[in-house]
Every structure is written in C-alpha cells, then in structure tokens.
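Remarks on the structure that follows.
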Amino acid sequence: MGAFSFARWRQKGDVVGNSPTSSQRSGQRLGQGVRLRPGGRAGQRPDRVDRAAWRTFFLALAELGGALLLALSSTVAAESGKVVAAWVTAMASLAVAGWVMFTLVPALARRTPLRWLAYRIDYRVTREGIVYLGGIFIVALAALNTGNNLLFMVLACLLAGILISGVISQLVLSGIEVRLVLPEHIFAGRPVLALAELINHKQRIPSFSLQLVGVMGKSREGGKPENEILTTPIYFPYVPRHQTAQQNVELRFAARGIYRQDLLGVRTRFPFGFLEKTRRVASAVEAVVYPAVEPTGELSEILPLVAGELESFLRGRGQDLYAIRDFQTSDSARHVDWKASAKTGVLQVREFTRDDDRRVLLVLDPFVPSGLDASGSSDPLFERGVALCASLAWHFHELDSVLAFRSGGFGTPMGSASESIYSILRHLAAAAPLPAPAGRSFLDELAAEPDVFKIIVTRQSRESVPASLWSSSYILFLGE
C-alpha cells in the first residue's frame, strides 16, 4: 500500500497534522494549549505600588508603637504606686490598639492581594527532611537534658533553617503561570512534541528548581481517574524574573481515546530539599488521540481484495475501457467492438468504468451481536475493527477518494476524503461498542443504499447480513 505519511500542519488555530512516520515533524507546529495564571487579570502588574496602602500601613505601625509605649508607661506607673495613672494609660493603650484593629486593619485587608490564600499546596517530607528532623529531635533532647546554651543555639539555627526553607519555597512557587501546548492531531503509539512553559510574573525574584508535573485527578463522573497527559515531570532549573522558560517534552500515548489533565502541579524542593511542595493548578488540557494508522500485514492483504470488489461493482459507462466480453441481448449495438469480433468470430462488446469509481462508504458497525454484552472499548475485536477503519480511511485519503463514513449515530457526507478524514479519526478515537438495537438492524439500513459501494467492518455473523448487501459491499467479519 505504501508508507503512510502525515504532512499537514497548521499554525496557531489552523488544522495541525501529525506524521505517524516522523516524530520530528510533530513538534514543528503546536496547536492546542492552556495558559494557567496564578491569579489576577491579564496584563495586570502584580507588583504595582499602592501608595495609599503603604501610608495606612505605616500609620498603623506608628499607632501600635504608641500603644506599646502607653502599655509600658502603665507598667511603670503601677510599679510606682500610681494606680490612677496606670489605669488611664492602660485604657488609652487598649483604645489605640482597638482603633487600629477596627479601622486600619480592615482597610489594609481590602487593599492586600490575597491570591496566595487560594493556592492549593501539597506537602511531602523528603528522605533528607526526615533525617534533618531526626537530628533536630536529638539536639532538642540533648539541650533539655544538659541545659547547655550552645546546644540551644544550635537547635535555634536548625529550626530557623526549616522556617527559611518554607519562606523561600513559597516565594519560588508564587507568581508562576503554566502553559502546556499540545499538537492538535495525535496518533496512538507515535511520539509527539509538546511545549511546556513556565512564566515568572514576579518583578524582582527569580524561581529556581521547578518541576511541572501532572496531578492525578478523578473522572468527571467521580469514578476512576482520567487518562493522564503528563506522566513524566518536566524540570526547569531556572526561571528568570519577569521572563519565560520553555521545555520541549516528548509524549507518547499508548492507546486511542480522550486524555485529560484536570490538574497540573508546580513542584519544588528548593532550597534545602527537606520538603517537597506542589502547588496545584486547575487546568483544562484535553488531547484527542486517534487510532494508530499503520500499514499492517492484515491491511495489506485486505486492500487488493477491496480493490477487486470495487472494480467489479463500479463497471459501467464512462471514459476508460474496463473489459471486452461476449455480446448479451441487453447490450447496446454502439458498444460492439468490431475488430475484436472479427478476430474471435463471436460478437464482442466493450465495457467502460464509471466516472465515480472512487466513491466509497466506509462503515464501522459498533453494535455487538445479540446475546453478547457491550464490554467497552477494551474489547480486542472492537479495537481491531477501529484500527482497520482508521487505516482504510487514511488509505482512501491518500488516494484522494470520495469518501463517506458511517457508524452508530455518526456519519459524514460523501465528499473529498481530505475534508472529512480528521472528523472520522476523531470519532474513532472515542468510539465504543454499543448494545444491539431493537427492531431493524444497522445492516438492514445499509442494504437500502445499493448504489454506493460499501466497506463494512462488523462483528455480526454471516447469516445476519441481508442478501441484498452482498452485491454492493465488501464485508470484514471481525469474529473470523
């Protein structure tokens, strides 16, 4: 049949093709993606100075400082025996603190961006962190038992290391926007290149040692987890301030289907590796993985038979000579080949191919035979049928045939195969077996169209095929 090739790509919103014979082409043009901002509106500067908020902040500090001085004065007056002065200064200190709490603090809260409160962060203590905490526990026991001031100083430094690690890792994770871009057309079993970006919106602080990871999520019905897109972490050693870091990552999807990544994570162990923090980010990344399209041995055996059946069905009036045969009473005299008749001594007529000799209706029968249960897309027979339909559709696409496709509840109109090929593959990516319908069968409906040559992939038995369907169809029985 020849090698299969996929060479059409589209830039940013146009149709993007994928070559199942070349993994290098798959990353040249990337079509679908998602940008995940850490919060706020697009184009808004996160570090813009709010002068009114700063004035309120310093005013609150000054008033709290005055309240502290009043409290100290109250203590001094109480120790000196001045009860009235102590009571007055204490009440004044409480009044100033209350004023700050009920007036200035709410004003500051309204002006403070609290997007970081919405961050969903998972924590995991690493093996190094467990060793470090064990050392802290030993030093703490030693300090309490001996009362040695040097051990207490060492313990304070160790605890300060944990505090510093938490603050720095929080700064590293904050202000990061995630972007994951996938090729628009992906085929099962073929590597494709995706683009991962981390955008640092912080104006003054870079981020170090980050990983973009896929976080396991539940299915939309609350059942088993969805098929994940990102299964391997992508490492970014350094993301400069107010800049973007990019990584190309090779992805491979083992089977056809719909893959979703509902959650992405930005992970870091920076700076000391004691704690692994993962900030969860909601995403809406979805990949439609088409069935594998390969020239298998089975397909190579089928195609000559299909070509012969198609040629036999479509003989008729056209421009190209099809065959010379004996004259029949229903033949027109103008088709008599007098030269061949003179040679053989028997009247011969010419047959011509029809002009529409490439019109094909490809059919996938998704209905299981009566008495069997629809076992889902993991059914090996059904998977075989899907793979055959995908390969046949791509074969007729390469021939630039006029193709239509039909399956349970889905169909494409008769037209150029290049216009409908990706619609067909997209349906096959999510196709699943269906229970047998009641009443008129799917094959009976196809028998009502005798003028179109049909290639039918089905699990039904030979006895269930309508007799009128044999003369206009080539049928592939999956159970045989």
Side-chain angles (χ1 to χ4, degrees), residues 11-13 16 23-48 113 115-116 118-124 126 164-184 186 191-215 228-252 261-287:
Q11 302 181 10
K12 294 185 179 179
V16 181
S23 61
Q24 289 81 8
R25 297 179 186 174
S26 60
Q28 294 177 356
R29 295 291 184 268
L30 301 170
Q32 64 180 4
V34 60
R35 296 176 68 102
L36 307 171
R37 297 191 63 101
R41 294 171 295 182
Q44 181 179 359
R45 290 187 57 183
D47 296 337
R48 185 175 57 186
R115 293 191 300 267
W116 61 273
Y119 287 170
R120 293 181 293 172
I121 297 182
D122 297 331
Y123 299 87
R124 188 180 72 86
T126 63
I164 293 172
S165 174
V167 172
I168 294 179
S169 61
Q170 184 67 33
L171 290 176
V172 166
L173 290 175
S174 64
I176 297 296
E177 176 186 347
V178 178
R179 187 165 185 256
L180 182 62
V181 184
L182 302 173
E184 188 171 347
I186 305 172
V192 295
L193 286 180
L195 177 65
E197 291 184 349
L198 292 186
I199 306 171
N200 187 1
H201 288 283
K202 296 188 290 291
Q203 295 288 338
R204 299 176 181 83
I205 304 175
S207 292
F208 302 91
S209 188
L210 294 176
Q211 285 184 329
L212 179 62
V213 297
V215 180
E228 285 194 302
I229 296 175
L230 191 60
T231 57
T232 303
I234 307 171
Y235 183 67
F236 294 83
Y238 177 65
V239 185
R241 60 186 179 89
H242 206 56
Q243 292 188 31
T244 300
Q246 297 180 341
Q247 290 277 6
N248 287 324
V249 57
E250 184 179 283
L251 301 177
R252 185 188 294 267
Q261 192 71 62
D262 293 331
L263 288 174
L264 289 172
V266 183
R267 178 178 296 170
T268 187
R269 292 188 177 188
F270 189 80
F272 305 130
F274 301 147
L275 196 66
E276 183 180 82
K277 285 186 176 182
T278 304
R279 178 165 68 87
R280 293 190 177 193
V281 182
S283 68
V285 186
E286 182 176 288

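We number each residue from 1, following the sequence as shown.
- In this structure, I229 and E286 have side chains that are not in contact, with every pair of non-hydrogen atoms separated by 4.5 Å or more.
- Going from atom NZ of K277 over to atom CZ of R267 covers 14.0 Å, rounded to the nearest 0.5 Å.
- Test L193, V285, L195 against L182 for side chain to side chain contact (heavy atoms under 4.5 Å, CB included) and you get one pass: V285.
- Here the shortest heavy-atom pairing between Y235 and Q211 reads CD1-CG, 3.7 Å.
- We find the CG-OG distance between L180 and S283 to be 8.0 Å, quoted to the nearest 0.5 Å.
- The side-chain heavy atoms of F272 and S165, taken from C-beta on, include a pair separated by under 4.5 Å.
- V215 and G265 make their closest contact through CG2-N, 3.7 Å (heavy atoms, listed as atom of the first residue, atom of the second, distance).
- A 4.5 Å side-chain heavy-atom check between V281 and E177 finds every atom pair outside the cut-off.
- The shortest heavy-atom contact between P233 and V213 is CB-CG1, 3.6 Å.
- Considering only heavy atoms from C-beta on, P237 stays 4.5 Å or farther from S209 through its side chain.
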Between Q247 and L212, is the side-chain contact (heavy atoms from CB on, under 4.5 Å) condition met? List the steps. CA-CA 10 Å; Q247 290 277 6; L212 179 62; over 6 Å; no
side-chain contact (heavy atoms from CB on, under 4.5 Å) between T268 and L173, worked out: CA-CA 8 Å; T268 187; L173 290 175; 3.7 Å; yes
Please test R280 against D122 for salt bridge (Lys or Arg N to Asp or Glu O under 4.0 Å), starting from the C-alpha separation and ending with a verdict. CA-CA 8 Å; R280 293 190 177 193; D122 297 331; 2.7 Å; yes
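- The two residues S174 and L171 make their nearest non-hydrogen contact at OG-O, 3.0 Å.
- The two atoms that bring Q261 and L230 nearest to each other are OE1-N, 3.0 Å, heavy atoms only.
- If you take CZ on R241 and NZ on K202, they are separated by 12.0 Å, rounding to the nearest 0.5 Å.
- Between T278 atom OG1 and I121 atom CD1 the span is 9.0 Å, to the nearest 0.5 Å.
- For the pair R269 (side chain) and E276 (backbone), a donor-acceptor distance under 3.5 Å is absent.
- The distance from the OG1 atom of T244 to the NE2 atom of H201 is 7.5 Å, given to the nearest 0.5 Å.
- Looking at V172 and Q170, their side chains never come closer than 4.5 Å, going by heavy atoms from C-beta outward.
- To the nearest 0.5 Å, the span separating CZ on F236 from CG on L210 amounts to 8.5 Å.
- With sequence neighbours excluded, the residues satisfying ring pair (Phe, Tyr, Trp, His ring centres under 6.0 Å) with Y238 are F208.
- Listed here is the closest heavy atom pair of I168 and F270: CG2-CE2, 3.5 Å.
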